[in-house]
Each structure stands twice: as structure tokens, then as C-alpha cells.
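Chain letters run A, B, ... following the sequence lines, proteins first and then strands; every chain starts at 1.
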Amino acid sequence: MPLEYNKRTHDCGALRGSDVGKTVLLSGWVDNFRDHGGMVFIDLRDRGGITQLRFNPDTDPAAHGVARTLRSEYVICIRGEVVSRGTNVNPKMPTGEVEVAVHEIDLLSKSKTPPFQITDDVETNEDLRLEYRVLDLRRPRMRNAMMLRHKITKTIRDYFDRNGFLDIETPILCKSTPEGARDFLVPSRVHNGSFYALPQSPQIFKQLLMMAGLDRYMQVARCFRDEDQRADRQLEFTQIDLEMAFVQPEDVMRHVEACLAEVAQVALGLKVPLPMPRISYAEAMAKYGKDAPDIRYEMTIKDLSVFAAKTDFKVFREPLDAGGVVRCIVVPGGAAMTRKETDGLTEEIKGIGAGGLPLVKVAEEGGKVVLQTGIAKFLDAEPIKSELLSTSGAKPGDLIFFAAGSEANVCKWLAWLRGTVAERRGMIPKDTWAFCWVVDFPLFGWDDDSKNIFSMHHPFTSPKDEDLHLMHLDSPNPAPASDLLKVRAKAYDVVLNGVELGGGSIRIHRSDVQAKIFQLLGISPEEAKLKFEYLIEALQYGAPPHGGLALGLDRIVMLFGGFSSIREVIAFPKNAKAIDPLTKAPSEVSAEQLKELGIRLAP
RNA sequence: GGGGCUGUAGCUCAAUUGGUUAGAGCGCCGGCCUGUCACGCCGGAGGUUGCGGGUUCGAGCCCCGUCAGCCUCGCCA
């Protein structure tokens, strides 16, 4: 009579010494087998873990005969007795105190030899892993990633449920808007020539929910952006999306950081001190060169523009005269860096647009501090040298990297350099989890191409109350750009170890302010009505002050799980070229399908 | 679209300045083995060096092109 595989008594990670003597029914995959000619040992694996099975030819010849034919990844069901391993305990296995003496076995399913071994030990190339994702997901590391993701998601859902947030689903088939990233379009069969767009985020819907009076909303929301991929970006990704009515930034931030602290507790057993530090956007850019600062280590950026203006060094003077800046980072002990290392960095930084990588080493000779190598000869004279040392804070044994150019470029280059050098020189403390909030983002940025301002966040972001006057609300004319660029937004990003976990803002609830913003952004009332009619309309029927935030769930799981790519925490991800190696999506479709949709492909 | 790295057995990798028949570990197949747990021992199969072209007496290695993967800038919050 076949074994009742639907009546498993335990999973393969459950049995302990206290279970000795029990008769158990287990099912799973053959992880490994060791055939001694007589005794056969099988490691049986399922989601719970691994249990060793023992097949004794003397007591159970039939089961033993089957066991000898088993191979990797065969699926079996067994019944047997839990026995102590006596002196042969395996301390490396949670179930290592016991084994199961198998009396009956059913072979449920055979397996071809897998294209790679199902183990964490061997790092297989990712393309193959994605093509055989079913096998890849059997590896403990990947199984743990899926389980961690579940645990984190559940923790977040529970937190918001406990705090009065309603989980509400929003549409997947939406209206296309030109803002932000490229939309994925879905052609309409019923309305040939018209298209739905997949949501880049539920942004507008969650605002509408607040206007609808639902007060607190959250959703584990799938979002879609048709942009190029990165290690931490996928075409489709998951946001923890939330929105609250009658709030200021601090209210949203307090909930989010409390929630993240709970996640850190559950995922890592970590106690995160609250509140998390707040850093202004201006400070983040000045000290770290990016709006997602990694505050686990120092080596912050120092401004040398005033100093550099006093030199005759062309590499500094020319960018300064063009309105740029000169800044540096000081690598502690960096004078020990080899020519090979610094040359390598120079080549790499050229790859992101820098002209080169000026540097000096600081040394001590006969009790005197001297500059060496690189551009030392341009800076070694007094009082230039002393001013460089005092402004940068460099000491003998250090190395100074310089960057000169537009502020945006200098920030980009030094942020890259800071991160790269810190990583390569082992300056990043292990097992450190540095959260922070970045606040006071500018409301507008300047687009040099169109010579116009644009929304840093999105056009519904509320300005800070104290900066409202810079927008000249009472005047029918647009405020000057110089004023507008000073306006700070009620926007905030939460950052962990230099990675943006999420961001949000308080939204505009006044229709006059919203109208002004559209005017400033060059969006005509007609255009605004066309694109956002439902939102503008709703604003006129009593909109509560409201705001929210969205967290990147994939990134959170990636960081807490110690992975270097979000593909590791997504069950079926796409590769860097936006292809799913498993299903081979995207694919061509039939002529009939296209015809029905009224679509003809360009030749 | 730009830059970088990679591509050799099923998997992970090696192969001196260009030099004989391209190797190793794991896996796989066969045999032996009654306490292994990365079992062990013996034997075996397995290769269009991503693909195409060029240089050369001779190319895994050099050159050109192309394809694929990853990282990155642009792009994207």
C-alpha cells in the first residue's frame, strides 16, 4: 500500500533528540546520498531543513534496495522510526542528534541530473540560475531569502494594521501620465488606439483615498517602470505604499521608522535607536555628495573652492571661473596606497565623466609636513600648503583626492570615490546598520536643457510653510527661479547604509497652491486638467492635508538579507536586459492578437 | 546610447613570452565498501575554448567584428 504522503508528521528540519522512538512520515528531495555497500544514508531535504535517513539491509531489505537506486533531487516519501545517532551526532545539523531508520519508502518522482548542484557552496553563474530558477530556489540560501521576504512583509503589514491603516488595492490598468519614468503601455482591445499604463506607483490613487476620507492607507504594491535595469532596480518591483491624512512630515516619519525598527528586530535581532538621525539634503550633498548618505564611516567631502581660488593651478581655476567648485576627500592612511591603486581609480573615475583624478600624498620629512606625488608641485608652496592642510584636515600619512568641475559632477565623482575607496580599503564597519532621514529637499530643480524648473519629487509635493512666500502666491506672474530654487519641500527619504529605502512627502491640499505649482512648472491649466483632472477635481471638494511614503521592499529584504542584488530576493526576476531567462518574456505575439488590438508593427 | 569586466567539460576554475594530445576539483556513469554526513577507494565517459574572420609555421592566448551575461554612467526616486 503506498505511503500517505499527504499525512507528513514533520518537516525535515523538525526532529530532535526528544523525538526518539516516534514513528514519522517524511517527504522531500534527496539532497545527498552515501552508499556504503551495506548501510545507505540519504540526506532528505524539504523547506524545513535536512534529516538523515538510514537504510539497513539487514532489517529492511526492500527499502534498502530502493534507496540504492536514489539519485540527487529524487522525490521520496518514507516512514520510519526516529533513532538516536548515539556517538555519531552531527553538530553541524540542527537535526544532527537523530536519524530516521527507514522501514518503508515510496519513490514519488525521479529527477534528471540537475545542471548545477543544489548547494550554497558553489557560486553558479546567474544566467543559468535564472533559467533553472526552480532548482536555484531549492538552495537553502534562496529558500531563506524567500522566507525572510515573507517575514519582513508580514511584519510591515502587521505594524500598519495595528496602527489603523487599511490595506486597499489600487488599479493596475491606469491612465498614462508623462511624469517620471517611461510607462509600460497596455493596448486596449475595446478601444483600439488607446492604451492603459501600468502604475509607476499608486501615487495618485492613494491621495484620492485620503480625499475620500479613508484616513490611513497601506498596500504592498507592485510598481512598473520601463527604465534600464540595475543591481537594485527591476522593471517591476514592490513598494510598501502608505498614506495618511492630517499629518506633518514628522508623523509619517515616526511611523515609518518605528516600522523599520520592528523589521530590523525581526530580521536581524537588532535594536535600532529611535528617532533616526535627520540630515538635511544640503548637508548630505555637501558632506557625502549624494542624497542617500552612507554614514557608517567618515571621510566626508571638504569644500576647497575658497582655497583653490588662491592658486594658479589651471585644473582648479578653470572650473571655478566657469562657476564650478573644487572639493576633496581625505583618505586616512591613504599615503600607503600604491600607484597601481590610484591609477586604477583614475581610470575608473574617467569612466563616469571625470577628466582625471588629481591627488597628493601628505608626508613628514625632518619634522616638516610635505606634499608628494600627483599635483604636489602646484600646492607645496606656503601659505597654500598650510591652508590646504587646515581646510581639508589632512595629516601626514593621508592622501587627498581632488575633484573640480560643476557642483553636480563633483558631488557625483567624490561620492563614487568615497564609496569605492571605503569599500576597497575596508573602512566600512561590518554588521553596522546606519539609518537616517534626509529632509528639506528642494522642491524644484533646474533643468539646463529646457531652461526651466522641474519637480524634484512630483508636482503634488507641498512646499514647507516657511518657504511658501518664495513662491509669490498672490502674484499672477511666476516667481523668479532664484527664489524658487530656495523653496524646500515637505519631502523626506529614509536611507540605510547609503541606500535609499524609500521616500515620500506631504502633498498639496490647497488648490491655489497646486495651480501655482502647475503654472511654475509650465503646465497649462488645460494640460493639467487633461492629465490630472480627477485629482484637481477632488482637491476642490475638501481635501485634508495628507502625505505618505513608499518603501522599496526588494531593497529592504536585500539589505537585511545581506544580498548584493534585488534579483536574489525576487522569486522570478528579470535580468539586466529586461528578459526573464526562465519564461523568455518578452516574446513576440501572433498577428491575430495584434490585429485585435489594432496594432501594426513598424517595419 | 557610453564605459568597464567576463565567456575554456554539466558546474567552479587552471593552462609561462603564442608552442606537442587543453588540465584539476566537484558532478555524472560503472565497480567495491555496514556508521557515513563535502563518505572513501578503483575505473570510465565528457571539449566546435561563445560565434565569425584575420595575423602566424603554429592561436584558448594577439588583432577586428559579433553575440551573451554582469557592473556602471546616462536614464530612473
Side-chain angles (χ1 to χ4, degrees), chain A residues 31-44 50-59 64 68 71-73 83 85-93 95-96 99 101 112-132 135-136 179-183 200-201 203 223-235 237 239 290-292 344 347-354 409 412-413 416 419-420 438 441 445 455-458 461 491-495 499-505 549-552 555 564-565 567 575-577 579 581:
Chain A
D31 192 67
N32 195 7
F33 55 93
R34 294 174 291 281
D35 183 348
H36 288 254
M39 201 74 86
V40 171
F41 297 98
I42 302 278
D43 290 336
L44 188 67
I50 289 177
T51 296
Q52 174 165 285
L53 309 180
R54 182 183 79 189
F55 296 82
N56 188 329
D58 302 330
T59 57
H64 177 262
R68 297 200 75 172
R71 293 293 178 269
S72 291
E73 303 309 312
V83 296
R85 289 211 209 173
T87 55
N88 293 314
V89 164
N90 184 345
K92 283 181 274 184
M93 299 171 70
T95 61
E99 62 193 1
K112 298 209 293 192
T113 301
F116 50 85
Q117 284 155 264
I118 314 294
T119 157
D120 287 344
D121 300 334
V122 181
E123 206 53 54
T124 306
N125 98 61
E126 193 180 11
D127 202 32
L128 195 71
R129 289 175 50 205
L130 291 182
E131 191 178 335
Y132 293 93
L135 302 180
D136 190 37
E179 302 292 325
R182 269 187 288 270
D183 280 329
Q200 297 181 19
S201 79
Q203 181 62 37
C223 306
F224 306 85
R225 291 176 192 166
D226 186 7
E227 295 293 349
D228 287 353
Q229 311 278 288
R230 283 286 192 285
D232 60 354
R233 276 187 353 217
Q234 281 271 302
L235 297 180
F237 60 100
Q239 282 188 347
K290 54 190 282 205
D291 60 4
E347 277 317 300
E348 289 175 82
I349 206 166
K350 282 180 183 170
I352 60 171
N409 278 334
K412 184 171 93 187
W413 299 333
W416 175 84
T420 305
V438 177
F441 281 79
S455 286
M456 287 286 276
H457 196 59
H458 55 61
T461 307
Y492 32 81
D493 278 3
V494 62
V495 173
V499 178
E500 181 195 326
L501 293 185
S505 62
L549 173 141
L551 292 167
R555 284 184 189 177
S564 54
S565 156
R567 292 188 296 272
N575 69 12
K577 283 274 155 56
I579 291 166

*Asks:* With C1' as the reference atom in both, quote the distance from B/rG74 to B/rG54 in angstrom, rounded to an integer.
*Replies:* 35 Å
*Asks:* Using a heavy-atom cut-off of 4.0 Å across all strands, would you classify A/H457 as base, sugar-phosphate, or nothing?
*Replies:* base
*Asks:* Out of B/rG74, B/rG35, B/rG69, which has the shortest distance to the side chain of A/K412?
*Replies:* B/rG74
*Asks:* Can you tell me, in whole Å, how much space there is between the C1' of B/rG44 and that of B/rU6?
*Replies:* 33 Å
*Asks:* Which whole number of Å gives the distance between the P atom of B/rC61 and that of B/rC28?
*Replies:* 33 Å
*Asks:* With the side chain of A/I352 defined as its heavy atoms from C-beta on, choose the nearest nucleotide among B/rC73, B/rC70, B/rG69.
*Replies:* B/rC73
*Asks:* Can you tabulate the close N/O pairs, meaning under 3.5 Å, that link protein atoms to atoms of nucleotides 44-47 of chain B?
*Replies:*
none

*Asks:* Who passes salt bridge (Lys or Arg N to Asp or Glu O under 4.0 Å) against A/D35, sequence neighbours left out?
*Replies:* A/R68
*Asks:* Do the side-chain N or O atoms of A/Q200 get closer than 4.0 angstrom to the phosphate oxygens (OP1, OP2) of B/rA77?
*Replies:* yes
*Asks:* For A/T420, which residues count as a side chain to side chain contact (heavy atoms under 4.5 Å, CB included) partner, sequence neighbours excluded?
*Replies:* A/L345, A/W416, A/R424
*Asks:* Just to verify, what does A/A101 make a side chain to side chain contact (heavy atoms under 4.5 Å, CB included) with, not counting sequence neighbours?
*Replies:* A/R54, A/V83
*Asks:* Go through the structure and list residues passing side chain to side chain contact (heavy atoms under 4.5 Å, CB included) with A/E347, not counting sequence neighbours.
*Replies:* A/K350
*Asks:* A/F33: what forms a ring pair (Phe, Tyr, Trp, His ring centres under 6.0 Å) with it, not counting sequence neighbours?
*Replies:* none
*Asks:* Quiz question: by atom type and distance under 3.5 Å, do the side chains of A/N90 and A/Q52 form a donor-acceptor pair?
*Replies:* no
*Asks:* Hey, does A/R233 reach any base, or is it just sugar-phosphate, or nothing, if we go heavy atoms under 4.0 Å?
*Replies:* base
*Asks:* Going by the rule salt bridge (Lys or Arg N to Asp or Glu O under 4.0 Å), which residues pair with A/R85 if we only count those two or more places apart in sequence or in a different chain?
*Replies:* none
*Asks:* Applying ring pair (Phe, Tyr, Trp, His ring centres under 6.0 Å), can you list everything that pairs with A/H457, at least two apart in sequence or on another chain?
*Replies:* none
*Asks:* Expressed in angstrom and rounded to an integer, what is the separation of A/R68 atom CZ from B/rC29 atom C1'?
*Replies:* 15 Å
*Asks:* Test of understanding: with side chain to side chain contact (heavy atoms under 4.5 Å, CB included), list the residues that count as partners of A/N32, not counting sequence neighbours.
*Replies:* A/R34, A/D43
*Asks:* Extract from the structure each pairing of a protein N or O with an N or O of nucleotides 36-38 of chain B at less than 3.5 Å, listing the distance.
*Replies:*
residue : atom : partner : partner atom : Å
B/rU36  : O4'  : A/H36   : NE2          : 3.2
B/rU36  : O2   : A/R34   : NE           : 2.6
B/rU36  : O2   : A/R34   : NH2          : 3.3
B/rU36  : N3   : A/Q52   : OE1          : 3.0
B/rU36  : N3   : A/Q52   : NE2          : 2.9
B/rU36  : O4   : A/Q52   : NE2          : 2.7
B/rC37  : O4'  : A/R34   : NE           : 3.2
B/rC37  : O2   : A/Q52   : OE1          : 3.1
B/rC37  : O2   : A/R85   : NH1          : 3.0
B/rC37  : O2   : A/N90   : ND2          : 3.1
B/rC37  : N3   : A/R85   : NH1          : 2.6
B/rC37  : N4   : A/N88   : O            : 2.6
B/rA38  : OP1  : A/K92   : NZ           : 3.4
B/rA38  : OP2  : A/K92   : NZ           : 3.1

*Asks:* Within the sub-3.5 Å range, which N or O atoms of nucleotides 10-14 of chain B have a protein N or O partner, and how far apart are they?
*Replies:*
residue : atom : partner : partner atom : Å
B/rG10  : O2'  : A/P115  : O            : 2.5
B/rU12  : OP1  : A/N125  : N            : 2.7

*Asks:* Closest to the A/D228 side chain: B/rC70, B/rG1, B/rG35?
*Replies:* B/rG1
*Asks:* Only counting residues at least two apart or in another chain, list the ones meeting salt bridge (Lys or Arg N to Asp or Glu O under 4.0 Å) with A/R567.
*Replies:* A/E126
*Asks:* Counting any heavy atom closer than 4.0 Å, what does A/K577 reach on the DNA or RNA strands: base, sugar-phosphate only, or nothing?
*Replies:* sugar-phosphate
